[in-house]
Amino acid sequence: KDKATVFYTALYHCFIHPSLNMDVDNRYRGRDNKIHTAEGFTNYSVFSLWDTYRALHPLFTIVERKRTADFVNSFLNQYKQSGRLPVWELSGNETDCMIGFHSVSVIADAIEKGIEGFDKKEVYAAARAAAEYTAYGIPVFNKNGYLQVDDESERVSKALEYAYDNLCIAQM
């Protein structure tokens, strides 16, 4: 009984975020600080992707397929509004407080598991743009395939994260 309580409490906590990010009329404030209307999907926010791409989002691709499609559409709209997929997005604002561009791994996993409801060509283009972002050592990593001590802070972690995310894009 105690283990079941722990399990279901943990499972409950899994569903706290990402959070709905729109009013009852489907309007929400986007990453461009303008008001948009979510059409054909539910808009979400609070994408703590560095924390969630390894386990939570793969769980969602199994138990929350529709919600996963909504997450991907939310990513795509954030890309359209700001020119970037979310890294660690909070309430329509990119915090950039973590490394990598792990929205691409969530997208790749959704595609691999056959989740429908989003434009695969558009999300692929957005993923490619994430891999070509011009900050955080990404251009140097793309040129050399690694980051040296003088290239960037957190260079080893960033190189590992970038390599993994690029693999996910290749799998798309």
Side-chain angles (χ1 to χ4, degrees), residues 10-136 138 161-172:
L11 188 61
Y12 169 79
H13 288 152
C14 287
F15 289 83
I16 293 174
H17 292 295
S19 303
L20 288 175
N21 186 36
M22 59 189 213
D23 290 330
V24 295
D25 63 359
N26 295 352
R27 293 184 329 145
Y28 65 95
R29 184 173 306 279
R31 290 258 304 268
D32 57 2
N33 212 27
K34 296 178 183 173
I35 302 301
H36 299 273
T37 301
E39 296 180 19
F41 75 101
T42 301
N43 191 58
Y44 283 89
S45 180
V46 189
F47 289 108
S48 168
L49 292 159
W50 187 87
D51 303 302
T52 61
Y53 81 94
R54 295 170 189 88
L56 180 63
H57 281 286
L59 172 66
F60 284 156
T61 63
I62 297 167
V63 301
E64 288 286 340
R65 294 175 69 83
K66 168 67 171 94
R67 201 166 167 215
T68 295
D70 289 337
F71 297 158
V72 173
N73 280 307
S74 297
F75 295 168
L76 186 56
N77 277 339
Q78 288 189 29
Y79 170 73
K80 290 175 183 176
Q81 295 157 11
S82 70
R84 288 182 69 197
L85 286 170
V87 173
W88 205 119
E89 179 270 345
L90 176 65
S91 302
N93 299 287
E94 180 54 59
T95 68
D96 282 317
C97 68
M98 289 297 183
I99 61 174
F101 39 95
H102 300 304
S103 51
V104 302
S105 70
V106 175
I107 294 166
D109 193 31
I111 291 170
E112 179 68 23
K113 290 180 179 159
I115 294 175
E116 300 290 333
F118 53 88
D119 187 313
K120 290 178 183 69
K121 288 183 180 180
E122 284 187 334
V123 295
Y124 177 71
R128 289 289 308 265
E132 296 167 0
Y133 192 62
T134 59
Y136 307 113
I138 293 172
E161 305 287 341
Y162 298 160
Y164 175 74
D165 291 332
N166 284 334
L167 171 68
C168 291
I169 295 168
Q171 295 302 310
M172 286 184 208

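Tyr124 meets the ring pair (Phe, Tyr, Trp, His ring centres under 6.0 Å) test with no other residue; sequence neighbours excluded. For Asp109, the side chain to side chain donor-acceptor pair (under 3.5 Å) partners two or more places apart in sequence, or in a different chain, are Thr61, Lys113. With sequence neighbours excluded, no residue satisfies side chain to side chain donor-acceptor pair (under 3.5 Å) with Arg29. Residues satisfying the side chain to side chain donor-acceptor pair (under 3.5 Å) criterion with Ser19, sequence neighbours excluded, are His17. Residues forming a side chain to side chain contact (heavy atoms under 4.5 Å, CB included) with Ala110 (at least two apart in sequence, or on another chain): Thr68, Val72, Ile115, Phe118. Shown here are the salt bridge (charged side-chain N to carboxylate O under 4.0 Å, His left out) partners of Arg65, two or more places apart in sequence or in another chain: there are none. In this structure Glu112 satisfies the salt bridge (charged side-chain N to carboxylate O under 4.0 Å, His left out) test with no other residue, sequence neighbours excluded. Applying the side chain to side chain donor-acceptor pair (under 3.5 Å) rule to Gln81 yields the partners Tyr28; only residues at least two apart in sequence or on another chain are considered. Remark: Asp96 pairs with Arg84 by the salt bridge (charged side-chain N to carboxylate O under 4.0 Å, His left out) rule, at least two apart or across chains.
For residues 11-28, every residue pair satisfying the salt bridge (charged side-chain N to carboxylate O under 4.0 Å, His left out) rule, not counting sequence neighbours, is listed here: Asp25-Arg27. A ring pair (Phe, Tyr, Trp, His ring centres under 6.0 Å) check over residues 71-90, counting only residues at least two apart or in different chains, returns the pairs Tyr44-Phe71, Phe47-Phe71, Phe47-Phe75, His57-Phe71, Phe60-Phe71. Within the structure, every pair that satisfies the side-chain hydrogen bond (donor to acceptor under 3.5 Å, both in side chains) test and touches residues 33-42, not counting sequence neighbours, is listed here: Asp32-His36.
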